[in-house]
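Given the structure is predicted, the values throughout are model-derived calculations rather than measurements.
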Amino acid sequence: PFLLLLPGLLLARQSGLAILGGLNALDPGAITSAELWAPAPGQMNCSLPAPREMYHHTLDTWQVTLIACYGYSCDQLTPSGWQHWRTTLYSRKYHTSAVTSQGLLLVGGSESPTTTELLPWDGGESREGFTLQSTRFQHCSVQPNLDTIILMGGEFNTESLVTVYSGLGAGEEVTTRKLAPLLHPRSGHACGFYSVGDSRVRLLLPNSRFAKFPSPAIDWKIWKALYL
């Protein structure tokens with residue numbers, strides 16, 4: 001869910017999709033635009049400017065606030081429009097993110113591929129997180145709960161690597177474990193998950209579109225059942 005915000009006006013609390021930035025050779029304006037969509041009731045489809053040019057960035061929802069991170073800073077959507085939220089320790093692009101109980105966790109990226117950092121919800125400055133076991137950029141991640149993130153694929157010999165990082169909550173020690181490697185090496189891909197029962201998580205990945213990793217026709221497949 002997010003709040004639909006316009007300058008000086010709070011319209012409604014909605015559950016829907018937010019799309020921000022990205023590259024499009026046929027539409028150069030995509031990199032500086034955002035779209036919000038919500039189904040009925042309260043159906044809407046509107047556009048608004050992006051905070052700045054963004055691509056291979058991250059976009060998260062905390063409570064009802066949209067937060068976008070790219071380069072050395074993160075921006076949040078407010079009733080007055082996009083505003084600077086935090087300055088990051090490292091430049092972030094081709095990274096992933098996770099909403100934890102302590103703050104927004106930024107993971108890897110092309111310019112800082114072994115680092116993580118935590119941007120606290122309480123307003124403090126960004127601080128160093130745990131060090132990744134392997135370089136990670138152009139990877140994907142899923143978050144089955146607030147204290148766990150699963151990283152899959154990426155560049156520089158991590159194309160088949162799947163790693164679980166647990167213990168992201170306050171006062172916990174971060175632990176790692178490797179899962180079985182991906183059946184097809186992947187980079188620049190997307191992933192998702194859905195839960196069955198209380199503990200079984202199924203991970204979903206589309207086949208890579210990169211020519212360097214030839215694969216069958218693009219489709220969605222269930223890769224692995226994971227018990228947490």
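Contact check for T61 versus I67: no side-chain heavy atoms found under the 4.5 Å cut-off. You'll find the side chain of T65 stays beyond 4.5 Å of the side chain of W85, heavy atoms only. In this structure the side chain of L151 reaches within 4.5 angstrom of the side chain of Y165, judged on heavy atoms. For the pair L36 and L17, the minimum side-chain heavy-atom distance is 4.5 Å or more. Considering only heavy atoms from C-beta on, Q138 stays 4.5 Å or farther from S110 through its side chain. Using a 4.5 Å heavy-atom cutoff, the side chains of D147 and E172 are in contact. Side-chain contact between Q133 and K178 is present, with at least one heavy-atom pair separated by less than 4.5 Å. Here the side chains of L146 and L168 are not in contact, with every heavy-atom distance at 4.5 Å or above.
With H139 contributing its side chain and G188 its backbone, the two residues share no donor-acceptor pair below 3.5 Å.
One finds the OG atom of S166 at 8.0 Å from the CD1 atom of I150 (value rounded to the nearest 0.5 Å). Of the inter-residue distances, the one linking L89 atom CG with E125 atom CD reads 8.5 Å to the nearest 0.5 angstrom. The structure places CG of D75 at 10.5 Å from NE2 of H57, a figure rounded to the nearest 0.5 Å. Note that CD of Q143 is 8.5 Å distant from OG of S97, once rounded to the nearest 0.5 Å. Atoms CZ and SG, on R92 and C69 in that order, are 9.5 Å from each other to the nearest 0.5 Å. Atoms CH2 and CG, from W62 and L104 in turn, are 10.5 Å apart once rounded to the nearest 0.5 Å.
Here the closest heavy-atom approach between residue S91 and residue S112 is recorded as O-OG, 3.3 Å. When all heavy atoms are compared, the tightest approach of W82 to L48 is NE1-CD1, 3.9 Å. Pairing each heavy atom of I31 with each of Y55, the nearest pair is CD1-CD2, 3.8 Å. G154 and E159 make their closest contact through O-CG, 3.1 Å (heavy atoms, listed as atom of the first residue, atom of the second, distance). When all heavy atoms of T163 and R136 are compared, the pair lying nearest together is OG1-NH2, 3.1 Å. Residues L59 and A18 come closest through the heavy atom pair CD2-O, 3.7 Å.
For the residue pair S126/E117, the side-chain donor-acceptor check at 3.5 Å is satisfied. When only modelled atom types and interatomic distance are considered, R86 and S73 share no side-chain donor-acceptor pair under 3.5 Å.
With sequence neighbours left out, the side-chain hydrogen bond (donor to acceptor under 3.5 Å, both in side chains) criterion links S141 to T96. In this structure, the side-chain contact (heavy atoms from CB on, under 4.5 Å) partners of T135, at least two apart in sequence or on a different chain, are P113, T114, F156, T158.
If you chain together hydrophobic residues whose side chains sit under 4.5 Å apart, L179 and L161 never meet in one group. Linking ILVMFWY side-chain heavy atoms closer than 4.5 Å, directly or via other members, places I149 and V164 in two distinct hydrophobic clusters. Put simply, L132 and V162 are part of two different groups of oily side chains (I, L, V, M, F, W, Y) that touch within less than 4.5 Å, one to the next. When the side chains of ILVMFWY residues are joined at heavy-atom separations under 4.5 Å, either directly or via intervening members, L77 and L20 end up in a single hydrophobic cluster. A chain of hydrophobic side-chain contacts below 4.5 Å, direct or via other Ile, Leu, Val, Met, Phe, Trp or Tyr residues, connects W121 to L119.
D27 CG: more than 12 foreign heavy atoms inside a 6.0 Å radius.
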Test log, rule side-chain hydrogen bond (donor to acceptor under 3.5 Å, both in side chains), inputs S187 and E155
CA-CA 6 Å; S187 175; E155 289 282 1; 3.0 Å; yes
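Applying the ring pair (Phe, Tyr, Trp, His ring centres under 6.0 Å) test to residues at least two apart or on different chains, the pairs with a partner in residues 86-110 are H56-Y94.
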